[in-house]
*Asks:* 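Dumping the structure here so I can ask a few things about it.
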Amino acid sequence: MNILLWHVHGSWTTAFVQGPHTYLIPVTPDRGPDGLGRARTFDWPDSVREVTPGQLADTPVDVVVLQRPHEWRLAEEWLGGRRPGRDVPAVYLEHNAPDGSVPCTRHPAADRDDTVLVHVTHFNRLFWDCGSTRTRVIEHGIVDPGHRYTGRLARAAVVVNDPVRRGRYTGTDLLPGLSEAAPLDVFGMRTEGLAEHLGLDPERCRGRDLPQALLHTAMAERRLYLHPVRWTSLGLSLLEAMHLGMPVVALATTEAVAAVPPGTGTLSTRPEELARAARHYLNEPEAAAEDGARARRAALDRYGLKRFLSDWEHLLTEVRS
C-alpha cells in the first residue's frame, strides 16, 4: 500500500515504517510541523518517501493515517479534493492521553462514521470520550535496541522533552526530591538549564539532548530508569529503557501500571517510595541488573515489533477492503 502520514512522532513512526508498505511523508521547504519530511535522528528505511504537497495531488494513496485534527482539512487540500474516510480510507491515530475536562474530554474524531480511531494504550481509550466512532487499541511496538545495560554509572536516567514547559505533567516538580536519592541525567529536547530552573546543583541534575543512536547507549550506562510522569500517554522512552535491560522506577499512573510488571522495578504513587527504590538500585547493582533483565523480557513479550506490525497490518487491510 501507499500510506500517507505526517512526521509527528519520530519514535512511533520509526516502528510503523518497518512494515512492508511505501510510506509517504509530506515535506515542505521550511520543514515545519506539517512538512518535516524524513527523520534526521532516526533510522528509517528507503520505503519512506518524501512528497511535496504539489506531488500528493497526483499520487495514488491507499490509506491516510491522521494524527492531528487539522490533518482532515490538510489531507483533502493536498490530495486534490480526495476526502479522508470518504474517497480514501483513513484511520485516526491518537498518541496522547486526554487533556482538559478529564474524564469527560471529547475526542476531536468523536461520532464519526468514516474512520477508525486508534489508541496506543487501553488507558487512553478508556479516558477519551469517543462517542460512536469505532475504536481500536494497538499498543506500542519498539525496534529492539538490544540488551545494552551495564549500569556502570550510579545515576538515574530520565527521558523527557520540554520538562520546564510541561511541568507537573511530566513530574518535573518531583525531580528535586528524587535527585536527593539519586543523581539524575535528564535526556531530551530543551533540558539544558533544568538544574538552574529547579534550583539544583548541576551535578545532581544534568540535562542533555542526544540523537537516538547515542541516547540508548547513554541510558544503558545508568543504573536505573526513572519515570516520574504524572499524566501523559505511555512514554516510548520507558519501553526503550526496558528493552535495554534497565530496571524501572516509575509513578503508578496512566498505562505504566500495565507496562511494568512485578519483578521489573518499582511502581508507586508515593514519591518517597520511588526515592527508596532508586537508592536500592544504586546500592545493589546486581539486583538492578536482575530486575532489568526481567524488564527486557517483559517488554519484548508485550511491545515487540512483530506483534505491533501484525496488528497494524490487520487494521490497514480491514479499512482498505
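Residue numbers count from 1 along this sequence. All values derive from a computational prediction rather than experimental measurement.
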*Asks:* Would you please say whether a donor-acceptor pair under 3.5 Å links the side chains of Thr14 and Trp44?
*Replies:*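 Result is yes, a qualifying pair exists.
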*Asks:* Strictly by modelled atom types, are Thr13 and Tyr23 linked by a side-chain donor-acceptor pair under 3.5 Å?
*Replies:*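 The answer is no; no qualifying pair exists.
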*Asks:* Look at the aromatic rings of His95 and His9 and report parallel, tilted or perpendicular, splitting at 30° and 60°.
*Replies:*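 His95 vs His9 ring planes: parallel.
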*Asks:* Between Ser101 (side chain) and Cys104 (backbone), is there a donor-acceptor pair under 3.5 Å?
*Replies:*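 Flag not set: sc Ser101 to bb Cys104 has no pair under 3.5 Å.
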*Asks:* Does any N or O in the side chain of Asn283 come within less than 3.5 Å of the main-chain N or O of Arg279, such that one atom is a donor and the other an acceptor?
*Replies:*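 Yes, Asn283 side chain to Arg279 backbone: donor-acceptor pair under 3.5 Å.
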*Asks:* Hey, are Arg83 and Glu77 close enough for a salt bridge, meaning a charged N less than 4.0 Å from a carboxylate O?
*Replies:*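 Salt bridge: no.
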*Asks:* So, for Trp12 and Trp312, is the gap between ring centers shorter than 6.0 Å?
*Replies:*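 When the ring centroids of Trp12 and Trp312 are compared, they turn out to be within the sub-6.0 Å range.
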*Asks:* Taking side chain as C-beta onward, heavy atoms only, is Thr254 less than 4.5 Å from Ser233?
*Replies:*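 The answer is no; the side chains never approach within 4.5 Å.
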*Asks:* If you measure from the Lys or Arg side-chain nitrogens to the Asp or Glu carboxylate oxygens, is any gap between Glu76 and Arg82 under 4.0 Å?
*Replies:*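 Salt bridge absent between Glu76 and Arg82.
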*Asks:* Can you find a pair of side-chain heavy atoms, one from Pro108 and one from Trp128, that are under 4.5 Å apart?
*Replies:*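 Yes; the side chains approach each other to less than 4.5 Å.
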*Asks:* Determine whether Thr170 and Arg230 make a side-chain contact, defined as any pair of heavy atoms from C-beta on separated by less than 4.5 Å.
*Replies:*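 Not touching, per the 4.5 Å side-chain cut-off.
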*Asks:* Could you pull out the closest heavy-atom pair between Pro84 and Asp114, with the gap in Å?
*Replies:*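 Result for this residue pair: O-OD2, 3.9 Å.
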*Asks:* Out of curiosity, Leu126 CG to Thr121 OG1, how far, rounded to the nearest 0.5 Å?
*Replies:*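 With rounding to 0.5 Å, CG (Leu126) is 9.0 Å from OG1 (Thr121).
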*Asks:* Could you check whether the rings of Tyr92 and Trp72 sit parallel, tilted or perpendicular, using 30° and 60° as the cut-offs?
*Replies:*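 Judged by the thresholds at 30° and 60°, the geometry between Tyr92 and Trp72 is parallel.
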*Asks:* When you measure from the side chain of His7 to the backbone N and O of Gly37, does any donor-acceptor pair fall under 3.5 Å?
*Replies:*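 Flag set: sc His7 to bb Gly37 pair under 3.5 Å.
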*Asks:* Go through the steps for His107 and Glu94 under the test side-chain hydrogen bond (donor to acceptor under 3.5 Å, both in side chains), then give the verdict.
*Replies:* CA-CA 9 Å; His107 196 278; Glu94 179 53 68; 2.7 Å; yes
*Asks:* What's the shortest heavy-atom distance between Glu221 and Thr150, and which atoms?
*Replies:*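 For Glu221 and Thr150, the tightest heavy-atom pair comes out as CA-OG1, 3.5 Å.
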*Asks:* Distance from Asn96 atom CG to Thr232 atom OG1, nearest 0.5 Å?
*Replies:*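 Rounded to the nearest 0.5 Å, the CG-OG1 separation comes out at 6.0 Å.
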*Asks:* Which heavy atom of Ala90 sits nearest a heavy atom of Gly85, and at what distance?
*Replies:*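 For Ala90 versus Gly85, the nearest heavy atoms are CB-N, 3.5 Å.
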*Asks:* Do Val249 and Tyr281 touch side chain to side chain, with heavy atoms closer than 4.5 Å?
*Replies:*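 Touching, per the 4.5 Å side-chain cut-off.
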*Asks:* Hey, does the side chain of Glu71 reach the backbone of Gln67 with a donor-acceptor pair shorter than 3.5 angstrom?
*Replies:*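 Answer holds: yes.
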*Asks:* Quick test of your reading of the model: are Arg136 and Glu318 salt-bridged, counting only N-O distances below 4.0 Å?
*Replies:*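 Answer for the salt bridge query: yes.
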*Asks:* Please determine whether salt bridge (Lys or Arg N to Asp or Glu O under 4.0 Å) holds for the pair Asp201 and Arg204, giving the CA-CA distance in whole Å, both sets of side-chain angles, and the decisive distance to 0.1 Å.
*Replies:* CA-CA 5 Å; Asp201 179 344; Arg204 304 302 297 181; over 6 Å; no
*Asks:* Is any side-chain heavy atom of Asp301 less than 4.5 Å from a side-chain heavy atom of Tyr303?
*Replies:*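 Asp301 does not reach Tyr303 side chain to side chain.
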*Asks:* Nearest 0.5 Å please: distance from the CG atom of Leu300 over to the NE2 atom of His147.
*Replies:*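 Output value for this atom pair is 10.0 Å.
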*Asks:* When you measure from the side chain of Arg206 to the backbone N and O of Asp185, does any donor-acceptor pair fall under 3.5 Å?
*Replies:*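 A pair under 3.5 Å: no.
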*Asks:* Are Val27 and Leu36 packed together at the side-chain level, in the sense that at least one heavy-atom pair is separated by less than 4.5 angstrom?
*Replies:*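 The answer is no, as the side chains (C-beta and beyond) never meet within the 4.5 Å cut-off.
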*Asks:* Heavy atoms only: give me the nearest Pro202-Ala195 pair and the separation to one decimal.
*Replies:*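 Looks like CA-CB, 3.8 Å.
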*Asks:* Distance-only, no hydrogens or angles: does the His21 side chain make a donor-acceptor pair with backbone N or O of Met1 under 3.5 Å?
*Replies:*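 A pair under 3.5 Å: yes.
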*Asks:* So with a 6.0 Å cut-off around CZ of Phe42, is the heavy-atom count from everything else above 12?
*Replies:*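 Yes - once you tally the heavy atoms of other residues, nucleotides and ligands closer than 6.0 Å, there are more than 12.
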*Asks:* Under the criterion side-chain hydrogen bond (donor to acceptor under 3.5 Å, both in side chains), I'd like the reasoning laid out for Thr217 against Arg148: C-alpha separation, chi angles, the key distance, then a yes or no.
*Replies:* CA-CA 7 Å; Thr217 298; Arg148 303 192 197 180; 3.0 Å; yes
*Asks:* Any salt bridge linking Arg296 with Asp144? Criterion: basic side-chain nitrogen under 4.0 Å from a carboxylate oxygen.
*Replies:*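 Yes, Arg296 and Asp144 are salt-bridged.
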*Asks:* Would you indicate whether Arg31, at its atom CZ, is surrounded by more than 12 heavy atoms from other residues, nucleotides or ligands within a distance under 6.0 Å?
*Replies:*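 It does: Arg31 CZ has more than 12 such atoms within range.
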*Asks:* Any carboxylate oxygen within less than 4.0 angstrom of a Lys/Arg side-chain nitrogen, looking at Arg155 and Glu203?
*Replies:*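 Looking at Glu203 together with Arg155, the answer is yes, because their closest N to O distance falls below 4.0 Å.
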*Asks:* Between Arg166 (side chain) and Asn161 (backbone), is there a donor-acceptor pair under 3.5 Å?
*Replies:*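 Yes, Arg166 side chain to Asn161 backbone: donor-acceptor pair under 3.5 Å.
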*Asks:* What is the distance from atom OG1 of Thr41 to atom CE of Met189, rounded to the nearest 0.5 Å?
*Replies:*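 The distance works out to 8.5 Å.
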*Asks:* I want to check something: taking the side chain as every heavy atom from C-beta on, are Leu24 and Leu5 in contact at a cut-off of under 4.5 Å?
*Replies:*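 Not in contact.
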*Asks:* Is a side-chain N or O of Thr172 found less than 3.5 angstrom from the main chain of Pro163, in a donor-acceptor match?
*Replies:*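 The answer is yes, because a donor-acceptor pair under 3.5 Å joins these two groups.
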*Asks:* Are Arg307 and Ile138 side-chain neighbours, meaning at least one heavy-atom pair lies under 4.5 Å?
*Replies:*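 Side-chain contact under 4.5 Å: yes.
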*Asks:* Looking at Arg49, I'd like to know if its CZ atom is crowded, meaning that more than 12 non-hydrogen atoms belonging to other residues, nucleotides or ligands lie closer than 6.0 Å.
*Replies:*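 No, CZ of Arg49 has 12 or fewer neighbouring heavy atoms, counting only those of other groups under 6.0 Å.
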*Asks:* Work out which heavy atom in Pro228 is nearest to a heavy atom in Leu178; give both atom names and the distance.
*Replies:*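 In terms of heavy atoms, the two residues are closest at CB-CD1, 4.1 Å.
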*Asks:* Roughly how far apart are Leu93 CG and Leu117 CG, rounded to 0.5 Å?
*Replies:*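 These two atoms lie 8.5 Å from each other.
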*Asks:* Counting the benzene-type ring for Trp, do His70 and Trp6 have ring centres under 6.0 Å apart?
*Replies:*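 Between His70 and Trp6, the centre distance exceeds or equals 6.0 Å.
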*Asks:* I need the minimum non-hydrogen distance between Arg68 and Pro33, along with the two atoms involved.
*Replies:*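 So the two residues come closest at NH1-O, 3.3 Å.
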